[in-house]
Amino acid sequence: METNKKEEGAHDVQDKFYTDAKDYWASVTPTVDGMLGGFAKISPTDINGSKSFLRPYLKISGGSVTPKCALDCGAGIGRITKRLLLPIFETVDMVEQDQHFCDNARAFIGPESSRVTNIFCSGLQDFVPAAGAYDVIWSQWVLGHLEDEDLVRFFQRCQAGLSKGGIMVVKENTVEADGKTFDESDSSYTRTRAELRDCMLKAGFKILADQKQKDFPKDLYPVYMFALQ
């Protein structure tokens, strides 16, 4: 009985972690400024850095990635889908847990939203990409909303969701400390670069590269991009 009580307590804590995050994002306006926590001004720098990081992996640049179908994880209203993925890929799928972001995404993206095939309304802890479906799976500023075990399992599902020659790109804040820090305001972790790498390797990914995003304001967390296969 004691074991069951401990397990129930652990589940309650985990449920609160996910529920609190969901409640936070439900209160955020469906705008670029809302998606970036008031830092809409960094969006062009962010997108340009992402393009530069992704380019060498595309077949047109001698890489292995066919630019057919991409998945945008934690997509919000589709900032990355619109400005990074749709200009490169034939079609894009989006996964986002907040219903009002999903509802506003096509209007934000505009005419090119006809090439957004699916918008899945789901938390990443529950989302299962179709096997072999995606040439690139892009995940940015969302993995702090997953507990470590759920993050490893998510990475494993993403690896199964990649097409032959496909890659996953992770772009996340990092913290230069002994271990991850917790933000109560949005119920998220900021992990160290080593902790992120550890979860990727536990999932069976090979880390092809990691690179720091340049030219962000000094008062922001260091942001790193990882290419995984």
Side-chain angles (χ1 to χ4, degrees), residues 10-11 13-30 32-40 42-43 46 49-50 53 71-81 84 94-98 101-102 120-127 129 137-159 168-203 205 207 210-213 216-217 219-228:
H11 285 308
V13 170
Q14 190 174 62
D15 288 345
K16 185 178 187 308
F17 173 75
Y18 288 116
T19 301
D20 286 353
K22 191 172 183 178
D23 290 345
Y24 169 83
W25 286 106
S27 71
V28 172
T29 55
V32 171
D33 211 39
M35 300 302 96
L36 295 178
F39 285 92
I42 71 168
S43 187
D46 169 58
S50 296
F53 185 73
L71 175 67
D72 183 0
C73 298
I77 58 170
R79 180 185 70 92
I80 291 164
T81 291
L84 174 67
M94 298 166 58
V95 55
E96 166 55 51
Q97 76 164 351
D98 188 87
F101 294 165
C102 294
F120 302 107
C121 190
S122 171
L124 298 185
Q125 68 273 19
D126 300 315
F127 183 70
I137 296 177
W138 193 277
S139 178
Q140 181 167 347
W141 287 330
V142 66
L143 299 183
H145 288 299
L146 294 179
E147 296 279 11
D148 288 354
E149 290 182 1
D150 286 332
L151 177 55
V152 172
R153 286 193 285 262
F154 174 66
F155 281 148
Q156 290 170 333
R157 296 194 298 272
C158 285
Q159 190 173 45
M168 182 173 188
V169 177
V170 170
K171 190 168 186 177
E172 282 293 333
N173 292 342
T174 62
V175 63
E176 294 172 346
D178 293 333
K180 61 180 178 283
T181 61
F182 181 68
D183 186 342
E184 289 187 7
S185 65
D186 65 355
S187 190
S188 72
Y189 296 111
T190 304
R191 293 179 170 92
T192 67
R193 188 173 161 204
E195 286 173 326
L196 282 169
R197 290 176 62 94
D198 185 52
C199 288
M200 294 164 184
L201 295 171
K202 278 183 179 176
F205 267 128
I207 301 171
D210 70 19
Q211 181 180 308
K212 188 177 182 181
Q213 166 71 48
F216 270 2
D219 55 340
L220 296 184
Y221 285 116
V223 173
Y224 278 86
M225 296 173 279
F226 302 83
L228 312 174

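Note that these values count all heavy atoms, side chains included, but never hydrogens, waters or copies made by symmetry.
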For the side chain of [X] and the backbone of [Y], is there at least one donor-acceptor N/O pair under 3.5 Å apart?
X	Y	answer
Thr192	Gly179	no
Arg157	Phe127	yes
Ser188	Asp183	no
Asp33	Ala40	yes

Under a 4.5 Å cut-off applied to non-hydrogen side-chain atoms, are [X] and [Y] in contact?
X	Y	value
Leu146	Phe155	no
Met168	Phe226	no
Ser50	Gln140	yes
Tyr224	Leu196	no
Tyr221	Glu172	no
Ile42	Leu220	yes
Leu228	Val170	yes
Met35	Phe101	yes

If you measure from [atom1] on [X] to [atom2] on [Y], what distance do you get to the nearest 0.5 Å?
X	Y	atom1	atom2	answer
Glu147	Arg153	CD	CZ	10.0 Å
Cys199	Glu149	SG	CD	10.0 Å
Cys102	Ile77	SG	CD1	11.5 Å
Asp210	Phe53	CG	CZ	7.5 Å
Leu71	Phe120	CG	CZ	7.5 Å
Ser139	Leu124	OG	CG	6.0 Å

So does Lys202 pair up with Asp148, basic N to acidic O under 4.0 Å?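 No, Lys202 and Asp148 are not salt-bridged.
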Short N-O contact, Arg191 and Asp198, less than 4.0 angstrom: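 No, this pair does not count.
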Enumerate, atom names and distances included, each donor-acceptor pair closer than 3.5 Å involving a side-chain atom of residues 20-27, sequence neighbours excluded.
residue : atom : partner : partner atom : Å
Asp20   : OD2  : Lys16   : NZ           : 2.6
Trp25   : NE1  : His145  : NE2          : 3.0
Ser27   : OG   : Tyr24   : O            : 2.6

Minimum heavy-atom distance between [X] and [Y], given as atom pair plus value:
X	Y	result
Pro222	Lys212	CB-CE, 4.0 Å
Ser43	Leu36	CB-CD1, 3.9 Å
Gln213	Asp46	OE1-O, 3.9 Å

Can you establish whether the number of heavy atoms outside Gln156 located under 6.0 Å from its atom CD is more than 12?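 For Gln156, atom CD is crowded (more than 12 foreign heavy atoms under 6.0 Å).
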Tyr18: what forms a side-chain hydrogen bond (donor to acceptor under 3.5 Å, both in side chains) with it, not counting sequence neighbours?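 Result, side-chain hydrogen bond (donor to acceptor under 3.5 Å, both in side chains) vs Tyr18: Asp150.
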